[in-house]
Amino acid sequence: MVRFSEIIKQGITKKGKPKRSERSEKQSEPFRLSNLGELRLSVDKKSPPAEAGISKTVKDVKGIKEFFLNVLRYIKEVRKNVVDNRAFKIDPALILISKIINTPDQINEIYHSTIFFKPEEDYTISRPINTLVYALKIGQGLEYSAIQLLELGLSAFLYDVGIFRIPESITKKEGKLTDSEVAIIRKHPEMGRDILSPFKKDYPLLPRVAYEHHERENGQGYPRGLKGEQICEYAKIVGIVDTYEAMIHNRPHRKAIMEHVSIRELIWSKSLMFSPKIIKAFIKEISIYPIGSYVRLNNRAAGMVIATNEENPMKPALKLLFDGQGNIMMEDKIIKLDENPLLHIVESVSEEEIPH
């Protein structure tokens, strides 16, 4: 089995500040939209500029596509083994994640490419892949060291394996779930913990994150109703990303909510459910207008967000899809809102409203 110590010897350099003890973390006030001014921070010099993800070489695109295909292939294999009640190897996941962390700016490049390489699968397959990418972005924003990113990435990738033990008659059911079906689904954190327990010796936080990712800051989560510092920080990160993922994608028993609306929900309605520290990092890294979301400008033109803006989350870079008269753009046109002071976003737009 590949161990963290071996990965470090193979080239990972510990970067960033040491993780602070969760016990020393002070409880702060709930994060609100009014706090967005605080996010106008100086851009990390190691982060790519706003045009990151707009243009890539063929080599870059092929490499990122290969990454998505590899993680898709692996998670399918994991699902099959879990369904068949067989053990699976963890080394391929560890190697895939270590390659991302070893390559400068790879986390950001893969994040910006999620709009181009979305696997055409049910949410039980696509969710862990997206959760991995988003969690690494947040960990990067929290200045996690390479070893912490590796731990977080592995935990975020495999946190939901318990859901594979739930019958598809429930996970793929159309319409509202019954109380008994909900009760069965709520057992998946414990199932995930048990499935990952064989890896506990080498990766002690792996089963813990699977068990705690539905716990909430105010104690209203499950299965144990843990609060605040009782919850592993990795589980807090995975928990908010998992919730966001569930909100923005269609599921058999529930329709998706637009990204922008979902993030507002996370801030407004659920600010007591998630750590203010994690919410702030989430907004900074994923942004108010995430990659792949659609927006309308004050001149009536509409486009898709292709790059976020850490200095000003309200001013992302867009690829225009149609102009103010409703005409489909015949040529690619990129607009960086921070360089166009007369333009601003007035509303989010659903994909159904975009001409195809």
Side-chain angles (χ1 to χ4, degrees), residues 18-32 124 127-128 131-132 134-139 141-142 144 148-166 177 179 181-247 262-263 265-283 285-286:
K19 181 179 176 183
R20 293 180 300 172
S21 168
E22 292 179 48
R23 293 185 179 277
S24 66
E25 194 176 305
K26 294 182 179 180
Q27 184 68 30
S28 51
E29 293 297 320
F31 186 74
R32 301 181 175 85
T124 63
R127 184 193 281 184
T131 300
L132 164 64
Y134 293 157
L136 286 177
K137 274 286 291 176
I138 294 173
L142 291 171
Y144 276 4
Q148 290 172 321
L149 289 174
L150 196 58
E151 292 174 326
L152 172 63
L154 191 63
S155 300
F157 195 23
L158 297 174
Y159 80 103
D160 217 24
V161 292
I163 206 71
F164 296 147
R165 286 269 170 88
I166 307 298
L177 298 175
D179 290 344
E181 289 169 337
V182 170
I184 292 173
I185 285 183
R186 286 169 68 98
K187 293 179 180 178
H188 79 271
E190 184 176 356
M191 293 177 179
R193 178 201 61 188
D194 294 343
I195 292 168
L196 296 174
S197 61
F199 306 111
K200 184 176 180 179
K201 180 180 179 181
D202 293 303
Y203 315 108
L205 292 178
L206 192 57
R208 183 178 174 185
V209 171
Y211 194 35
E212 295 181 3
H213 73 273
H214 278 293
E215 300 288 359
R216 296 296 177 256
E217 200 74 8
N218 59 1
Q220 293 184 5
Y222 68 92
R224 293 186 292 167
L226 301 180
K227 292 182 179 181
E229 295 178 4
Q230 296 175 319
I231 308 167
C232 169
E233 185 163 283
Y234 294 166
K236 293 182 182 185
I237 294 172
V238 170
I240 194 170
V241 172
D242 173 76
T243 301
Y244 173 67
E245 268 289 301
M247 294 171 77
S262 299
I263 289 179
E265 283 287 313
L266 289 175
I267 297 173
W268 287 342
S269 304
K270 303 179 180 181
S271 59
L272 296 178
M273 298 179 70
F274 300 102
S275 160
K277 171 186 173 182
I278 303 303
I279 290 179
K280 185 174 182 179
F282 178 88
I283 297 301
E285 297 301 320
I286 307 303

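Positions are given from 1 along the sequence.
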Distance col, row Asp179:CG vs Ile184:CD1, nearest 0.5 angstrom, shows 11.5 Å

With a 4.5 Å cut-off on side-chain heavy atoms, are Lys200 and Leu205 touching? no

Report task. Using a 4.5 Å cut-off on heavy atoms from C-beta on, say whether the side chain of Phe199 contacts that of Pro207. Result -> no

For Val241 and Ala135, the nearest pair of non-hydrogen atoms, with its separation, is CG2-N, 4.3 Å

Just so I know, are the side chains of Tyr203 and Glu151 near enough to count as touching, which here means a heavy-atom distance under 4.5 Å? no

Practice item. Assess the pair Phe282 and Tyr244: is the distance between their ring centroids shorter than 6.0 Å? Key: yes

key: Side-chain donor or acceptor of Arg224 paired with backbone N/O of Gly221 under 3.5 Å   = no

Looking just at side-chain N and O atoms, do Arg216 and Thr243 make a donor-acceptor pair shorter than 3.5 Å?
-> yes

Discussion item. Do the side chains of Glu212 and Arg193 get close enough for a salt bridge, i.e. N-O under 4.0 angstrom?
Written reply: no

Looking only at heavy atoms, the pair that brings Ser155 and Tyr234 closest together is OG-CD1, 4.4 Å

d(Tyr144 OH, Leu150 CG) to nearest 0.5 Å is 13.5 Å

So NE2 of His213 and CD1 of Ile240: to nearest 0.5 Å the spacing works out to 14.0 Å

Closest heavy-atom pair, Leu158 versus Leu196, reported as atoms and distance to 0.1 Å, is O-CD1, 3.6 Å

Correct closest heavy-atom pair for Val238 and Thr131 would be CG1-CG2, 4.3 Å

Mutual orientation of the aromatic rings belonging to His188 and His214 [parallel < 30°, tilted 30-60°, perpendicular > 60°]: perpendicular

Separation between CD (Glu233) and CD1 (Ile237), nearest 0.5 Å, reads 5.5 Å

Between Leu136 and Leu149, the two heavy atoms sitting closest are CD2-O, 3.4 Å

Heavy-atom distance under 4.5 Å between the side chains of Ile278 and Leu142, does that happen here? yes

Output yes when a side-chain donor or acceptor of Glu215 lies under 3.5 Å from a complementary backbone atom of Ile231, and no otherwise.
no

Going by an N to O cut-off under 4.0 Å, is there a salt bridge joining Glu217 and Lys227? no

Heavy atoms of Ala156 and Tyr159 approach each other most closely as O-CD2, 2.9 Å

Between the CD1 atom in Ile195 and the CG atom in Leu206, the distance rounded to the nearest 0.5 Å is 11.0 Å

